[in-house]
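Beneath this line is the structure, given in structure tokens, with notes to follow.
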Amino acid sequence: MPEVPGPPSTSQLLTGLARLGQAVRMEAWRNAGPHNLSPLQADIVTLLLNKPGPIRQGEIVTALASTPPTVSDAVKVLRKKELLEAARDPGDARAMLLGLSSSGRTEADRLRSQSEKLTGALAVLSHDDFAAMLRGITTLMRELQDRQAIPVSQMCLTCRFFVPRAHPDQPGRPHHCNYVDAPFGDAELRVTCPDHEPLTDA
Ligand code: SF4
């Protein structure tokens, strides 16, 4: 039987992932807004909006799976743009706590509404396709993290609260999160989670 034309399926999948990554990045650049934010600067502002209070720079590095020098540069620029406020950490005189200024909060609100174009595109996926895609992405991310090809993310697959397939009798919600003590499905797998705690070696 003749094969379908073109490079092998693994290349097709990698090309597709690269195109999607490009679309997300391009959308972020298009949404640079009045402060001309880079995608990383926008990620930092959005992250801080979802935090109950100021956090240390190290927490930003971990949450965004970035590196200290990269985040440090972005934070410097954001402070210059007066979108971030910094204060001494009362628990450690050498550390700073970072939070949004009032202009930073306004910008974070704008970014949140602007990202609706991408979330709207995701709405074409059926629930099963969405769940399968998230399961595939988290599996790949875990593998690439183990191979030290990408930075470590705060995701379910590396979280001590995650119990995979704990509920075989519930096909739609087979996993369990011990943090909230509740079952959940592949469509709710977290790639980044504020309550993540890393697995510890037994
Ligand atoms: S705490 Fe967050 S990362 Fe950990 S299992 Fe629960 S949802 Fe997943």
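Residue numbers run from 1 in the order of the sequence given. Every number for a ligand or one of its atoms is a count from 1 in the order of the listing. The shown structure was predicted, so the numbers you read here are calculated from the model rather than taken from an experiment.
Sequence neighbours left out, the pairs with a member in residues 150-161 that pass side-chain hydrogen bond (donor to acceptor under 3.5 Å, both in side chains) are Thr158-His196, Arg160-Glu197.
Taking a cutoff of 4.0 Å between a charged side-chain nitrogen and a carboxylate oxygen, Arg142 and Asp146 qualify as a salt bridge.
Annotation: side-chain hydrogen bond (donor to acceptor under 3.5 Å, both in side chains) contacts of Asp186 (sequence neighbours excluded): Arg135, His175.
Membership of the apolar cluster around Val191 extends to Leu20, Leu122, Leu125, Phe130, Met133, Leu134, Ile137, Met141, Leu144, Ile150, Met155, Leu157, Phe162, Phe184, Leu189, as traced through chained side-chain contacts below 4.5 Å between ILVMFWY residues.
With hydrogens and angles disregarded, a donor-acceptor distance shorter than 3.5 Å links the side chain of Thr46 to the backbone of Ala42.
Looking only at protein N/O/S atoms, the ones less than 2.8 Å from atom 8 (Fe) of ligand 1 make 1 in total.
In summary, the side chains of Thr106 and Ser103 do not present any donor paired with an acceptor at a separation below 3.5 Å, with no hydrogens or angles considered.
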